[in-house]
Amino acid sequence: MTSLPTTTEKKLGLVIDLDICVGCHACAVNCKEWNTSGHSAPLTDKDPYGGDPAGVWFNRIHTFEVREENSNGRTVHFPKSCLHCEAAPCVTVCPTGASYKREEDGIVLVNADTCIGCKLCSWACPYGAREYDDSAGVMKKCTLCIDKIYNETLRPESRVPACVSTCPAGARHFGDLGDPDSEVSKLSAARGGYALMPEQDCKPVNRYLPPRPRKKEAADIGASAEVRAKDGNLEGAGLLARLVDRVLSR
Amino acid sequence: MHPAKSVIFFTTASGAGYGLLIWFALFGLLNRMPLDRDFALVVLGVAFTLVTAGLLSSTAHLGHPERAWRALSQWKTSWLSREGVAAILAYLPMFAYGYIWFMGIQDRNLVAVVAGASIVLSLVTVYCTAMIYASLKTIRAWHNGYTVGGYLIFSLMTGAVLLTFFAHLRQYDMRDEVSAAALLTLGVGLFLKQFYWRFLQTASSPSDIGTATGLGGPGKTTLLEGPHTESNYLMDEMGFRIARKHADKLRVYASMLGFVLPIVLIVMAVFLGGWVEILCTLFAVAFCAVGILLERWLFFAEARHVVTLYYGAARA
Ligand code: SF4
Ligand code: SF4
Ligand code: SF4
């Protein structure tokens, strides 16, 4: 049914750390790898080795440049997948009931057997998280790796989304954002995690952790006193360094 | 937004069909319909054909047209579903109306009920179509009052222009009244569209690159590198852009063909009479059809989706 559940028992989602994402695209690749044989398989590619390749991806990494005062621009890598919104408009617009939000964990899914491929859900999603599979004629999207996180044949530590387990920088975290005491909720609270486009009123579950303020002083990144001394900062420098500095500064 | 031919044809054709049915029923209610069975059946047949061709073409862009019936199930939340249900319901009075004329039934009360139901259900269907677009918060160009106003008035307008042609073709008494209805709706439609285009100049989504990324507003944050070198579904479907200068030209063409020329031609028809009036109203129909197709193409092509913020747009 495309009526949204009033509440969900859990709010499973991702917390993505923009401070440490290095933009390696490993999460997107492993997402593709896992899901092309998972719940919404296959993640079709068209003309993959030709001149005009196109394909279905549930996760994409955009890279932004952010201008800051008194500093050069800063590069921020920005992975984006479905945010498993609480007030998901992609679900309510669906005429067939193929799109639904699970009451038990809040995951938003598409039933490929009933989807008519009208594409309306992709128009309703502000985040570009819906992917039309031309060859199957149905809509597909991030499943939060439903076939991995509940997969009892996997070791418990592997029961996290493919994008989370593969991230070499540890920039992606998975958990219940509905539980204020969960690791992800605490992490998000501590780091000022935020929702994307709150004004679209979709109430996304996923949170993004902002890049930490740029460190401008050598000491901020743990430089030793000697290194700092070379930088003209004599605080904590040795006697000899102070003497040399005085002589040379004359 | 990518202007898909099937959806453009669907919304314009079914809109004109419902509009024609509405005016036909309204003149029937007012007892201004000539007692001419062939005329009535032709008009109803044209309305039916337009509506049906439109609905069929709307299923053409589906990934699974054979499952289209499933779209009738979610009327509780989905405007697309409501539209499907309303469209099917609207067929009932349409068929009943045809039956009444075919059998020559003259029961005024029965005609009133059937005509009333035709009008209400046609309006409801067009309203639902408009709401599919108007309810999408992601697209500022659609998420406003002009969408519903436009769909309703353009439906009535194209229907009235069509009925004007038929009325003049058979030289019926009511042709001046029908012409007046066409002129009125053409005028209102023309103004509405100009106001809409003025609105589009300043309208902007509350979302911008700042809210989309949380990193800083326009000017501060820019896309450095997209996720991939090639295009993708989202960029093709949602990222369609039309050059400003082309849009300006097309707006003028749409206004001229869709509204101004039909107004001039119908006024000429009213005053000239004879075979000229038939020719004038026929051309009015032809120009109006091309103009409204252009109008609808622009409705899609000029609409910007907030997802483009992730692909380099600063504002949406
Ligand atoms: S991110 Fe888009 S697809 Fe995912 S739940 Fe929200 S609106 Fe739906
Ligand atoms: S494309 Fe499929 S899932 Fe999306 S709204 Fe249409 S029927 Fe529902
Ligand atoms: S949760 Fe799974 S499906 Fe979703 S982006 Fe991560 S790997 Fe892909």
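In what follows, chains carry the letters A, B, and so on, assigned in the order in which the sequence lines appear, proteins first and then strands, with residues in each chain numbered from 1. Quick caveat, the model's predicted, so the values are computed rather than measured.
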* With a 4.5 angstrom heavy-atom cut-off, which part of A:Y132 approaches chain B: side chain, backbone, both or neither? -> both
* **Per-residue contact mode, B:L234 against chain A (heavy atom under 4.5 angstrom)** => side chain
* Asked: Does atom CZ of B:F195 have more than 12 heavy-atom neighbours from other groups under 6.0 Å away?
  -> no
* Sort out for me which of A:D134, A:D113, A:D133, A:V76 touches chain B most, counting heavy-atom pairs under 4.5 Å. => A:D113
* To do: Report the option among A:T114, A:V138, A:L120, A:D201 that has the most heavy-atom pairs separated by less than 4.5 Å from atoms of chain B.
  => A:T114
* Go through B:V7, B:T222, B:L136 and name the one with the most non-hydrogen pairs under 4.5 angstrom from chain A. => B:T222
* Asked: Measuring heavy-atom distances to chain A, does B:E66 have an atom under 4.5 Å in its side chain, in its backbone, in both, or in neither?
  -> neither
* With B:Y151, the ring-ring contact (aromatic ring centres under 6.0 Å, His included) member among B:W142, B:Y133, B:Y127, B:Y146 -> B:Y133
* Asked: By a 4.5 Å heavy-atom criterion (distance strictly below it), what part of A:C94 contacts chain B: side chain, backbone, both, or neither?
  -> backbone
* **Interface moiety of A:P210 toward chain B, non-hydrogen atoms closer than 4.5 Å** => neither
* For chain A, find which of B:E230, B:R82, B:K137, B:H228 contributes the most heavy-atom pairs closer than 4.5 angstrom. => B:K137
* So what's closer than 4.5 Å to chain B heavy atoms on A:K119: side chain, backbone, both or neither? -> both
* Asked: Can the positive tip of A:R74 be found less than 6.0 Å from the middle of the six-membered ring of A:F64, inside 45° of the ring normal?
  -> no
* Answer with side chain, backbone, both or neither: which region of B:L62 has an atom nearer than 4.5 Å to a non-hydrogen atom of chain A? => both
* Asked: Taking atom CH2 of B:W75 as the centre, does the number of heavy atoms from other residues, nucleotides or ligands within less than 6.0 Å exceed 12?
  -> no
* Measure the spacing between CG of B:L89 and OG of B:S122 and express it to the nearest 0.5 Å. => 11.0 Å
* To do: Could you have a look at A:W57, A:Y127, A:Y208 and say which one has the most heavy-atom pairs with chain B under 4.5 angstrom?
  => A:Y127
* To do: Working to the nearest 0.5 Å, report the span between CD of A:E103 and OG1 of A:T8.
  => 8.5 Å
* To do: Please check if atom CZ in B:R241 has more than 12 non-hydrogen atoms from other residues, nucleotides or ligands closer than 6.0 Å.
  => no
* Asked: So which of B:E83, B:H61, B:E237 has the largest heavy-atom pair count under 4.5 angstrom toward chain A?
  -> B:E237
* Structure fact -> When the 4.5 angstrom heavy-atom criterion is applied to A:P79 and chain B, the contacting part is neither
* Asked: Are there more than 12 heavy atoms of other residues, nucleotides or ligands under 6.0 Å from atom CZ of B:R198?
  -> no
* Select, from A:P89, A:A54, A:P211, A:C115, the one with the greatest count of heavy-atom pairs under 4.5 Å involving chain B. => A:C115
* Asked: So which part of A:L196 gets closer than 4.5 Å to some heavy atom of chain B, the side chain, the backbone, both or neither?
  -> both
* Determine whether B:L298 and B:Y196 make a side-chain contact, defined as any pair of heavy atoms from C-beta on separated by less than 4.5 Å. => no
* Asked: Considering only heavy atoms from C-beta outward, does the side chain of B:R67 approach that of A:T96 to under 4.5 Å?
  -> no
* Under 4.5 Å from any heavy atom of chain A - which part of B:T229 -> neither
* To do: Please flag which part of A:A136 lies under 4.5 Å from any non-hydrogen atom of chain B: side chain, backbone, both or neither.
  => backbone
* Inspect the surroundings of CD in A:E33 and state if more than 12 heavy atoms from other residues, nucleotides or ligands are less than 6.0 Å away. => no
* Structure fact -> So, the part of A:R130 with a heavy atom under 4.5 Å from chain B: the answer is backbone
* Which distance, rounded to the nearest 0.5 Å, do you find between the CZ of B:F10 and the OG of B:S57? -> 7.5 Å
* Structure fact -> Note: vs chain B, highest number of non-hydrogen pairs under 4.5 angstrom among A:A195, A:G137, A:P95 is A:P95
* Reported CZ-to-OG distance for the pair B:R70 and B:S81, which is rounded to 0.5 angstrom -> 12.5 Å
* **Which atoms of B:A212 approach chain A - backbone, side chain, both or neither, heavy atom under 4.5 Å** => both
* Asked: For residues A:S122 and B:Y233, is any side-chain donor paired with an opposing acceptor at under 3.5 Å?
  -> yes
* With no hydrogens and no angle check, do the side chains of B:R296 and B:T11 hold a donor and an acceptor under 3.5 Å apart? -> yes
* Please state whether the side chain, the backbone, both or neither of A:C125 comes within less than 4.5 Å of a heavy atom of chain B. => backbone
* To do: Applying salt bridge (Lys or Arg N to Asp or Glu O under 4.0 Å) between A:E131 and each of A:K141, A:K32, A:R60, A:K80, report the one that passes.
  => A:R60
* **For chain A, the option from B:S207, B:P206, B:A68 that forms the most heavy-atom pairs under 4.5 Å** => B:S207
* Among A:H77, A:H62, A:E65, whose side chain to side chain contact (heavy atoms under 4.5 Å, CB included) with B:L224 holds? -> A:E65
* Between A:P53 and chain B, which part of the residue has a heavy atom less than 4.5 Å away: side chain, backbone, both or neither? -> both
* Compute whether any side-chain donor of one residue and acceptor of the other, for B:T213 and B:T221, lie under 3.5 angstrom apart. => no
* Inter-chain contacts: residues 300-316 of chain B against chain A, heavy atoms under 4.5 Å -> B:F300, B:H305, B:V306, B:V307, B:L309, B:Y310, B:Y311
